[in-house]
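Here is the structure we will look at, set down as structure tokens.
Counting begins at 1 with the first residue of the sequence. Note: hydrogens, waters and symmetry copies are ignored here, and every other heavy atom, side chains too, is used. Just follow the structure's listing: the first ligand is 1, and inside any ligand the first atom is 1.
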Amino acid sequence: MSWPHKDLLCVSQLSAGDVENVMRTADSFQEINARPVKKVPTLRGKSVVLFFAEPSTRTKTSFDIAGKRLSADTFSLAKSSSSLVKGESLKDTALTLAAMNPDAIVIRHPSSGAADFLARRLKCSIINAGDGWHAHPTQALLDLFTLRRIWGSVAGKTVLILGDIAHSRVARSNVLLLGMLGANVKLCAPKTLLPARPESWPVTTCPDLDEAVEGADAIMCLRLQLERQQAGLLPNLREYSRRFCLTAERLAKANPHAPVLHPGPINRGVEIASEVADSVESRILDQVSAGVHVRMALLHLYLTRRDAPAAG
Ligand code: CP
């Protein structure tokens, strides 16, 4: 099946068929990632710039590993070591990178819309690795991959998203993707950490975690993003964790064997208790592994699409 998209900015660009294509391609790369020699020549001659203007452990490393396992050349640029710190604009940085003729730029940036800004100006593929509060499409796709490995399909399942939803690009992307595929999404957060108009989202909300976990088939905890918050959104951390930390006692009220997800990095004892993070129900490290399979699939699909510039 040919891949019709130049860029990945938001999951809303993808059809259900596109998502299925990503999942099946990721399935095939999972097998390669289990081999003693985890390298195939598929993207030999292609180059991928990893432009991360915000910190990242999982996304940046897994894109790097994904590219290298497909034999692409990957080049990393971090904000702290780039000319952004000398005042170069995003536009000039993007044009400079494009002049080196990469096949794709993977970008993480604190501004919502940064990936779209590049996509409208550059010929190479732009893959959004997280822009402000807006979107983190590759995270939602790897979360879906993780849930499909457990259930086969997410249709009809209830997924509870818990925590700092207002500041979360992961929540926004998951709400869209899970909703598109027929899952029921429930949100649980203090009022101050819900999105501005939650009634306009295809979700139900419940402010009481003990009630919200009842009937949940999976629980996705979110990090409290103190770096993006204005002062005064929370009374204090202890009160937040008393009401919104996923403990073993609360998890026991969800449906039996409900998997627990978290995009990471986790704040143990704040949004998730250590005993839950380390429990058999925790799929946090499976998500990290899925990140490599799914990002290999995405690099493969975007860099081998019919109108992709030929290598060499
Ligand atoms: N989930 C996620 O985006 O993690 P990193 O910030 O470590 O990439």
Review point. Does the N or O separation between Pro263 and ligand 1 drop below 3.5 Å for any pair?
Key: yes
Check your understanding: If you measure from atom 6 (O) of ligand 1 to every heavy atom of Gln139, Arg58, Arg108, Glu54, which option wins on shortest distance?
Key -> Arg108
Practice item. Measure from the side-chain N and O atoms of Ser89 to the backbone N and O of Asp92, and report whether any donor-acceptor pair falls under 3.5 Å. Key: yes
Exercise for review: Treating Ile, Leu, Val, Met, Phe, Trp and Tyr as nodes and any side-chain heavy-atom pair under 4.5 angstrom as an edge, say whether Leu122 and Ile127 lie in one connected cluster.
Suggested key: no
Check your understanding: Considering residues, nucleotides and ligands other than Arg121, do more than 12 of their heavy atoms fall under 6.0 Å from its CZ?
Key -> yes
Check your understanding: Would Gly130 count as a contact of ligand 1 if the rule is a heavy atom under 4.0 Å away?
Key -> no
Point to revise | Arg69: partners by side-chain contact (heavy atoms from CB on, under 4.5 Å), with sequence neighbours left out | key: Asn33, Lys38, Ile65, Val292, Met296
Exercise for review: Kindly write out the residues that satisfy side-chain contact (heavy atoms from CB on, under 4.5 Å) with Ser200, not counting sequence neighbours, or none if the list is empty.
Suggested key: Arg197
Under 4.0 Å from any heavy atom of [X], which atoms of ligand 1 are there?
X: Thr57; value: 5 (P), 7 (O), 8 (O)
X: Gly264; value: 1 (N), 2 (C), 4 (O)
X: Thr59; value: 2 (C), 3 (O), 4 (O), 5 (P), 8 (O)

